[in-house]
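Everything below concerns the one structure shown next.
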Amino acid sequence: MSETVSFKVPSPKGPQPVTVSYARVGRGEPLLLLHGIGHHRQAWDPVVDILATERDVIAVDLPGFGASPGLPEGLAYDLATTTFVFGAFCEALELDRPHVAGNSLGGLLALELGREKLVRSVTALSPAGFWSPAERRYAFGVLLTMRQIARRMPLPLVERLSRSAAGRTMLTSTIYARPGLRAPEAVVAETLALVRATGFDETLRSGTAVQFTEDVPGLPVTVAWGTRDMLLVRRQGVRAKRIIPKARLVRLPGCGHCPMNDDPALVARVILDGSR
């Protein structure tokens, strides 16, 4: 069951209201889950029930993605603004420095929240920001192509393709190493989420200047990378370890860019171990 919370964020035009959609389940220490660009909070569905046995899990739709409205005029879709938004989100829900796990863009945000000391631990799955210029151009080109293809496909065609493993592979093999495991209805929903993501273009534009170059001292950090990540190649994990020397670097065998679906048990264990 999704909920929403609204709060004010400062902007050049004065305080602006921001609304975030989220789902909350489980008990234990709070754990915030942040998805990647063009995705939605349901990306975490394969691991939520496992995590909820030990954590108070809050899976969110980033502003301009999923069920969350876009940011109001005057607020940029950049790293600083989004980090501030989630600091305010935690205040609104009275979350005192939750654990955070993020994938891709969400992993970058999770690390930035850690750098700002707004969370108590970070688990970043294939986080953005550790790319070379060529790797970033490649990843952005793939993302733009995925969105263009999704926008041109009639919904009945997406639904028909989702009903076979071969069709799900055609639709989602860029982000999943095992796309046949994804439920048909989930594939349809995330294709629509990519099409309808109002924050996609501005988020991607702001990402052209992003490079994560600072350590995240003083809290546990786990960086995990799928061995079959075709969007952000796994050598970026070695760079992340160089920049965050005390981070635990974990290999996710057989997993793609969104590993939560490819090996839910392994990913849940990595997140729980990283948030002790």
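Because the structure is predicted, anything quoted here is derived from the model rather than measured.
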State whether E135 and R239 are salt-bridged, where the test is any N-O pair (Lys NZ or Arg NE/NH1/NH2 against Asp/Glu carboxylate O) under 4.0 Å.
-> yes

Separation between CZ (R168) and CG (L161), nearest 0.5 Å, reads 10.5 Å

Ignoring hydrogens and angles, tell me if any N or O in the side chain of R248 forms a donor-acceptor pair with the backbone of T222 under 3.5 Å.
-> no

Answer yes or no: is there an ion pair linking R178 with D262, defined by an N-O contact shorter than 4.0 Å?
-> no

Short side-chain donor-acceptor distance under 3.5 Å, D61 and H40 | no

Could you give me the CA-CA distance, side-chain angles and deciding distance for S275 and S121, then say whether side-chain hydrogen bond (donor to acceptor under 3.5 Å, both in side chains) is met?
-> CA-CA 6 Å; S275 59; S121 76; 5.0 Å; no

Any side-chain heavy-atom pair of P63 and V85 under 4.5 Å | yes

Nearest heavy-atom contact between A101 and W44 is O-CZ2, 3.8 Å

Taking S206 for its side chain and T203 for its backbone only, find out whether a donor-acceptor pair lies under 3.5 Å.
-> yes

Any donor and acceptor pair, going by atom type alone, linking the side chain of K241 with main-chain N or O of A247 inside 3.5 Å?
-> yes

Sequence neighbours excluded, the answer for ring pair (Phe, Tyr, Trp, His ring centres under 6.0 Å) partners of F130 is F212

Counting N and O atoms only, with roles assigned by atom type, does the side chain of S11 sit under 3.5 Å from a partner on the main chain of Q16, one being a donor and the other an acceptor?
-> no

Do NZ/NE/NH1/NH2 and the carboxylate oxygens of E214 and R115 come within less than 4.0 Å?
-> yes

Is there a donor-acceptor contact under 3.5 Å from the side chain of T83 to the main chain of L79?
-> yes

SB check R27 E54 (cutoff 4.0 Å) = no

Below 3.5 Å, can you tabulate the donor-acceptor pairs from side chains in residues 188-201 to any protein atom, sequence neighbours excluded?
residue	atom	partner	partner atom	Å
E190	OE1	H39	NE2	2.8
E190	OE1	Y176	OH	2.9
E190	OE1	R182	NE	3.4
E190	OE1	R182	NH2	3.2
E190	OE2	Y176	OH	3.3
T191	OG1	V187	O	2.7

Hits for ring pair (Phe, Tyr, Trp, His ring centres under 6.0 Å) against F89, two or more places apart or cross-chain, chain-then-number order -> Y22, F86

